[in-house]
Amino acid sequence: MLLERIHALFHRRRLERDLDDELAFHLAMRAEKEGATAARRRFGNPTRIRETCRDLWTFAALETLGQDLRYAVRTLTAAPSFTAVAVLSLALGIGANAALFSVMDVMLLRPLPVRHPEELVEFVRAHPDGAKMTNLPQEVFEFFQRDSGGVLSELLAVSPSGDVFRAGGPPLRTRTHEVSGSFFPMLGVPPLLGRTIGPDDDRDGGR
Amino acid sequence: MAYCFPKGFMGTPEKPGDLVQGTLDMLVLKTLAQGPMHGYAIAQYIQSTSRRELRVEEGALYPALHRMELRGLLAAEWGVSENNRRAKFYRLTAAGRQRLASDSEYWSRMTAAIALIMDPA
């Protein structure tokens, strides 16, 4: 079927002529029997029939699409300032959306890049007036680390600490957090180089 | 290929004499089983053999012929008609013959099944 259509593509004129001849023959045969006027009246619209048949033999949808695209390009080049404004607003709109999405993707959609992110829970203190605080005394952490009633397999603690100015080379301001020794092994985040701190580092004299 | 009942089958009645959708292909194949024919002869044959109960609209016949030619059920050749005009003659291919056989078989089963409901013994 594809081959026949491709063949028809290169013999378009012959296809048109054959369709014309075929329908003209039919009309002539009817005219002989019924008279020319009656034949034409009963035959219906020959152009319509010819177009229906021709569409079967060609890539009608593709050709219409091509025509539409060419028409669109012609119209747009005829009005360059309109085209510029349209392209610019589309570009800005698409750009803003893409930027916003990449932020939302990281913040909301993508899971944290740690082991079992779905099992992580956060301890929160709630004040009777509804205020919530995530800072807890060290003793609470140590209490639950010893025994959480079998609910939690591991605990980690994080505390934001001050900015650090690196010595050697230009000073560099970096946001840092102090973390418990369980932080890296629990989250399963390997270091790129060297070693991370481990549970042993929680103890005095640990190294 | 599945046959459809005419639109009016369950609801509003259709004009009598309209061909049941999908049966036109079968009737054309059956007609051509006798030998090559041009479109006009096919339409004439179906009308006269059905005692003018069925009329074939050109607007349905030619698209059907070309569709079946494209699908390889029919082959076409240009020849000279009985009154010396250039005409396109259609004939069955092996695939067309096969399709006619399966369509006829399906048709007899369908009409028998419908008859069982319409005229219960």
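A, B, ... follow the sequence lines: proteins, then strands. Residue 1 opens every chain.
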Answer yes or no: are there more than 12 heavy-atom neighbours, outside B:M118 itself, under 6.0 Å from its atom CE?
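At most 12 heavy atoms, drawn from other residues, nucleotides or ligands, come within 6.0 Å of this atom.
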Is it the case that atom CZ in A:R48 sees more than 12 heavy atoms from other parts of the structure closer than 6.0 Å?
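Open.
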Could you tabulate the donor-acceptor pairs under 3.5 Å formed by side-chain atoms of residues 100-108 of chain A, not counting sequence neighbours?
{"from": "A:S102", "atom 1": "OG", "to": "A:A98", "atom 2": "O", "distance (Å)": "3.2"}
{"from": "A:S102", "atom 1": "OG", "to": "A:A99", "atom 2": "O", "distance (Å)": "2.7"}
{"from": "A:D105", "atom 1": "OD2", "to": "A:R110", "atom 2": "NE", "distance (Å)": "3.3"}
{"from": "A:D105", "atom 1": "OD2", "to": "A:R110", "atom 2": "NH2", "distance (Å)": "2.4"}

For residues 138-147 of chain A, please give each side-chain donor-acceptor pair under 3.5 Å, one per line with the distance, not counting sequence neighbours.
{"from": "A:Q138", "atom 1": "NE2", "to": "A:E142", "atom 2": "OE2", "distance (Å)": "3.0"}
{"from": "A:D147", "atom 1": "OD1", "to": "A:G149", "atom 2": "N", "distance (Å)": "2.8"}

For residues A:T52 and B:P63, report the shortest heavy-atom separation together with the two atoms involved.
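Minimum heavy-atom contact is CG2-CG, 3.9 Å.
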Please round to the nearest 0.5 Å and tell me the distance separating atom CZ of B:R67 and atom CH2 of A:W57.
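One finds 12.5 Å between CZ of B:R67 and CH2 of A:W57.
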Mind checking the CZ-CG spacing from B:R71 to A:L56? Nearest 0.5 Å is all I need.
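If I round to the nearest 0.5 Å, the distance is 9.0 Å.
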Contacts of type ring pair (Phe, Tyr, Trp, His ring centres under 6.0 Å), residue B:Y45, not counting sequence neighbours
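Per chain and number, B:Y45 pairs via ring pair (Phe, Tyr, Trp, His ring centres under 6.0 Å) with no residue.
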Only heavy atoms, only distances under 4.5 angstrom. Which residues in residues 16-33 of chain A are near chain B?
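Those residues of residues 16-33 of chain A which have a heavy atom under 4.5 Å from chain B are A:R17, A:D18, A:L19, A:D21, A:E22, A:L23, A:F25, A:H26, A:A28, A:M29, A:R30, A:E32, A:K33.
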